[in-house]
Protein chains: 2
Amino acid sequence: MSLIVQKFGGTSVGTIERIGQVADKVARFRAEGHDVVVVVSAMSGETNRLLGLAHEILDEPVPRELDALLATGEQVTTALLAMALHKRGLSARSYAGHQVRILTDDAHTKARIREIDDARLHADLAAGRVVVVAGFQGVDEQGNITTLGRGGSDTTAVALAAALKADECQIYTDVDGVYTTDPRVVDGARRLDRITFEEMLEMASMGSKVLQIRAVEFAGKYQVPLRVLHSFQDGPGTLITLEEEHQMETPTIAGIAFNRDEAKLTILGVPDMPGVAHRILGPIGDANIEVDVIVQNVADDNTTDFTFTVGRGDLARAEAILKEIADELGAREVRSDSRIAKVSVVGVGMRSHAGVASQMFAALAGVGINIQMITTSEIKISVIIEEKFLELAVRALHSSFGLDGEPREEGAA
Amino acid sequence: MSLIVQKFGGTSVGTIERIGQVADKVARFRAEGHDVVVVVSAMSGETNRLLGLAHEILDEPVPRELDALLATGEQVTTALLAMALHKRGLSARSYAGHQVRILTDDAHTKARIREIDDARLHADLAAGRVVVVAGFQGVDEQGNITTLGRGGSDTTAVALAAALKADECQIYTDVDGVYTTDPRVVDGARRLDRITFEEMLEMASMGSKVLQIRAVEFAGKYQVPLRVLHSFQDGPGTLITLEEEHQMETPTIAGIAFNRDEAKLTILGVPDMPGVAHRILGPIGDANIEVDVIVQNVADDNTTDFTFTVGRGDLARAEAILKEIADELGAREVRSDSRIAKVSVVGVGMRSHAGVASQMFAALAGVGINIQMITTSEIKISVIIEEKFLELAVRALHSSFGLDGEPREEGAA
């Protein structure tokens with residue numbers, strides 16, 4: 001018998017019928033002898049309905065009141081799911097965030113969890129009850145209702161699993177697991193039975209569709225085994241675990257990630273002097289523009305070329321800022337290109353396996369793709385290429401690293 | 001400067017536009033220098049929507065979960081109204097019942113308020129904030145969310161007014177005050193400037209449309225001046241006060257109340273012996289049937305005739321029970337009549353004015369109405385008559401007691 005925290009998102013609880021299906025699933029876990037804590041989001045559409053009401057009043061609703069408003073969405077789901085569980089003969093209790101209580105800081109609309117009081121939940125579990133907790137919300141020291149930001153229900157689930165020392169935190173979604181790459185791009189993309197927290201974070205460009213990055217970080221920090229599963233299909237899903245648990249014979253590469261939403265900016269002929277990177281990127285950061293890949297090359301004439309990527313939506317703003325900087329620095333030219341894509345190979349295995357980079361570059365060269373930028377981390381190598389070659393690159397790499405075919409590890413719990 | 005508690009029901013906050021109108025009204029009171037606490041219901045239709053969801057799952061939803069579900073309705077309104085107040089430049093804060101906190105017993109769906117912590121509200125008022133509190137809800141000792149039953153928002157408002165020692169509790173409704181009788185029956189019906197708590201309770205058959213009886217009792221007990229006003233029309237409304245405040249020159253009668261929803265049951269020829277009333281009414285009460293008027297006459301032959309009225313919806317059940325009792329007691333006959341009505345004259349003045357009863361009977365005789373039953377209390381005389389004479393009786397009494405014309409007292413605050 002183990003303690004499992006299960007999180008169901010808005011689509012999974014979007015109708016009374018689906019809430020019933022969730023209750024059926026919970027009932028099966030109870031029948032197998034597991035203790036179950038369920039975290040739910042607002043029914044799909046409800047958060048937007050409430051936001052719509054608020055925006056009828058104010059373009060920028062008061063954060064404290066917006067939180068009080070939105071928090072009702074999850075509370076409704078918890079009560080309905082508890083009823084559906086009662087209908088199936090299970091004892092169950094719903095809890096809003098303040099009832100648990102899930103203590104957060106007072107940063108309304110984007111609060112961070114500070115502490116979870118697990119006393120009531122443990123008492124309920126000991127009494128044989130299923131506990132249903134509202135995701136996405138908490139309460140600050142002063143008793144004000146707070147929310148964790150969109151998608152915060154994943155974080156609630158992981159935080160509860162950590163606080164309760166749960167054996168597993170299951171995130172139910174509309175996909176049956178984490179894939180080696182996007183199945184819409186590569187036919188042979190395979191569900192992974194396991195992936196490490198670090199890999200999951202690096203796979204963010206795909207993973208963000210499946211899991212909130214913040215929840216993955218949280219799970220990694222507190223070593224909560226996290227499993228991604230399909231809400232309405234049976235299957236083992238993908239277990240996200242600590243590296244140590246499956247180091248033996250781990251293949252080198254977990255998956256191929258990619259991102260189309262980037263644009264490239266280059267400032268050419270910048271006088272090469274200390275602090276130039278800061279002079280260039282400082283104003284970009286001040287404008288709240290996130291920078292992803294950064295590459296700097298020293299040229300022969302004591303000038304340097306500096307290239308970085310930003311989200312496409314930020315390109316125009318970033319370019320305007322960069323042109324001002326170029327004037328100040330006496331740089332030769334600013335160029336921008338939004339028709340690029342980033343492709344990454346991700347895997348903890350590359351730490352101990354030489355040659356991943358050269359294999360990657362060879363695979364891309366083999367299909368005639370020119371690499372514009374390269375950046376590396378311990379468990380990821382990313383390249384920027386022309387956007388039109390994206391699918392070709394992903395397929396070539398997926399095949400080259402042996403990802404086509406069976407899942408790389410079988411028999412996960 | 002005074003402290004005013006204002007309560008707005010579901011219709012008054014049924015749309016964003018109406019919430020804006022309520023905010024305008026609150027802003028006017030603030031501009032006049034008053035401290036304002038606002039109690040709101042769920043937006044009209046919302047409670048039924050939530051109930052509908054619950055009933056899709058269970059015919060009899062779990063009370064604890066039903067309370068958690070329904071309480072969200074008022075919370076939504078509080079947040080939206082607080083935003084609407086912010087929009088008008090007012091500082092405002094919303095509070096759910098548990099945040100205040102409004103402590104209740106644990107009788108889910110019909111909880112009673114035990115205690116209100118006024119510390120946070122006083123602090124907000126002192127800081128110049130408008131406080132917006134969710135009506136209808138509270139929290140029990142264990143932190144479970146409770147509700148006070150439908151219409152409980154009136155009770156919340158009165159309880160808050162009592163706890164905060166407010167100068168007045170204003171209940172905004174869809175009528176502009178309490179009338180001497182139903183204006184749909186008597187053209188000359190007049191709004192009362194004042195009425196006592198006791199009179200208001202006795203006028204229940206009309207008053208229940210305006211105010212929750214429980215809230216009136218509560219206001220009387222804690223001596224909270226209560227005012228009934230129209231949500232969207234200006235006017236002084238009707239102030240419900242302690243008797244002592246307007247005893248001088250009070251006219252005898254405050255109003256004419258009536259009720260069509262009663263039916264009469266008579267058991268004839270019951271052997272007259274001690275305990276017979278209990279033998280008859282005990283089983284009726286056990287069946288949760290409420291009895292209103294009770295009259296017993298002793299006949300010559302050591303038997304008694306026993307008549308009482310019940311709600312029309314309970315007539316069939318009550319008659320079946322009464323027939324069994326009649327057999328057991330050896331009574332002669334059971335008769336029922338659903339075509340009756342009750343008409344009452346109400347007024348604290350009748351305590352010190354003889355002749356109210358005879359004037360009432362004379363007025364009814366004057367228009368040829370036969371009285372079937374009579375029952376009296378300290379401040380009310382009620383008669384049961386044939387239903388078809390109801391309007392005629394009400395008009396005759398309204399005129400006879402001088403209620404046609406101007407309000408009986410002018411210049412209320």
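Residue numbering restarts at 1 for every chain, and letters A, B, ... go by the order of the sequence lines. Small disclaimer: the values here were computed from a predicted structure and weren't measured.
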(message) To check you understand the geometry: which heavy-atom pair defines the closest contact between B:T78 and A:E65, and what is its length?
(response) O-OE1, 4.5 Å

(message) Other residues, nucleotides and ligands only: do more than 12 of their heavy atoms fall within 6.0 Å of OH on B:Y222?
(response) no

(message) On a heavy-atom basis, which atom in B:Q75 and which in A:A71 lie closest, and how many Å separate them?
(response) NE2-CB, 4.5 Å

(request) Name the option with the most non-hydrogen atom pairs under 4.5 Å to chain A; the candidates are B:S94, B:A96, B:G143, B:G20. (result) B:S94

(message) Within residues 80-93 of chain B, which residues come under 4.5 Å of chain A, heavy atom to heavy atom?
(response) B:L80, B:A82, B:M83, B:A84, B:H86, B:K87, B:A92, B:R93

(request) Apply side chain to side chain contact (heavy atoms under 4.5 Å, CB included) to B:D106 and list each qualifying residue two or more places apart in sequence or on a separate chain. (result) B:D140

(request) Sort A:I145 into side chain, backbone, both or neither according to what part of it lies under 4.5 angstrom from a heavy atom of chain B. (result) both

(message) As a quick check of understanding, evaluate side-chain contact (heavy atoms from CB on, under 4.5 Å) for A:H98 and B:Q99, giving each step before the final call.
(response) CA-CA 9 Å; A:H98 63 86; B:Q99 289 179 295; over 6 Å; no

(request) Could you look at B:E56 and say if it's the side chain, the backbone, both or neither that has a heavy atom under 4.5 Å from chain A? (result) both

(request) Determine the option with the most heavy-atom pairs under 4.5 angstrom with chain A, choosing from B:D67, B:I19, B:V76. (result) B:V76

(request) Please lay out, stage by stage, how A:R49 and B:E46 fare under the test salt bridge (Lys or Arg N to Asp or Glu O under 4.0 Å). (result) CA-CA 13 Å; A:R49 184 184 76 87; B:E46 178 65 2; 3.7 Å; yes

(message) Does any backbone or side-chain atom of B:N144 lie under 4.5 Å from a heavy atom of chain A? Answer side chain, backbone, both or neither.
(response) both

(request) Please state whether the side chain, the backbone, both or neither of B:L53 comes within less than 4.5 Å of a heavy atom of chain A. (result) both

(message) Is it the case that the side chain of A:R64 and the backbone of B:A79 share a donor-acceptor pair, with hydrogens and angles ignored and the cut-off at 3.5 Å?
(response) no

(request) Would you mind telling me which of B:I57, B:T15, B:V132 has the largest number of heavy-atom pairs within less than 4.5 Å of chain A? (result) B:I57

